Enquirer: 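Can you read through this structure? Questions will come right after.
The figures here come from the full heavy-atom set of this structure, side chains too, leaving out hydrogens, waters and symmetry mates. Everything quoted here is computed from the prediction, not taken from an experiment. One-based numbering along the sequence shown.
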Amino acid sequence: MKVSVDRSLCYGSAECVHRAPAVFAFEDGYGVVRPGAAESAEDPRVREEIREAAEKCPSQAIVLGE
């Protein structure tokens, strides 16, 4: 699973960090994908957390791909 955060849309709610802390971090006021987090996205539990974070992101800044 590919995961990224569109910084032009993100306004720093940190909802992603709250929902999937193994994958997202909060830097300079914005959500970012932690380095190497794509590898952990193979775990079904982590994939669900990522999907939930993307769904609940108030700015819809999380981009998912395969």
Enquirer: Output the distance between atom CD (Gln60) and atom CD (Glu55), rounded to the nearest 0.5 Å.
Expert: 8.5 Å

Enquirer: Please report the shortest heavy-atom distance between Arg7 and Asp28, naming the atom on each side.
Expert: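 Minimum heavy-atom separation between Arg7 and Asp28: NH2-CB, 4.3 Å.
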
Enquirer: Suppose we screen for side-chain contact (heavy atoms from CB on, under 4.5 Å). Which residues come up paired with Ser4, at least two apart in sequence or across chains?
Expert: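 Per chain and number, Ser4 pairs via side-chain contact (heavy atoms from CB on, under 4.5 Å) with Val63.
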
Enquirer: Taking C-beta and beyond as the side chain, do Met1 and Glu66 meet within less than 4.5 Å on heavy atoms?
Expert: yes

Enquirer: Does one hydrophobic cluster hold both Ile50 and Tyr30, with members joined at side-chain heavy-atom distances below 4.5 Å?
Expert: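 Different clusters.
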
Enquirer: With ILVMFWY side chains joined below 4.5 Å, transitively, what does Leu9's cluster contain besides itself?
Expert: none

Enquirer: Show me the donor-acceptor pairs within less than 3.5 Å that the side chains of residues 14-25 make with the rest of the protein, sequence neighbours left out.
Expert:
unit_1	atom_1	unit_2	atom_2	d
Glu15	OE2	Arg19	NE	2.7
Glu15	OE2	Arg19	NH2	2.9
Arg19	NH1	Glu52	OE2	2.4

Enquirer: State, to 0.1 Å, how close Gly31 and Cys10 come at their nearest heavy-atom pair, and which atoms those are.
Expert: N-SG, 3.5 Å

Enquirer: If you take all heavy atoms of Ile62 and Cys57, which pair is closest and at what distance?
Expert: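 Closest approach of Ile62 to Cys57: CD1-CB, 4.1 Å.
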
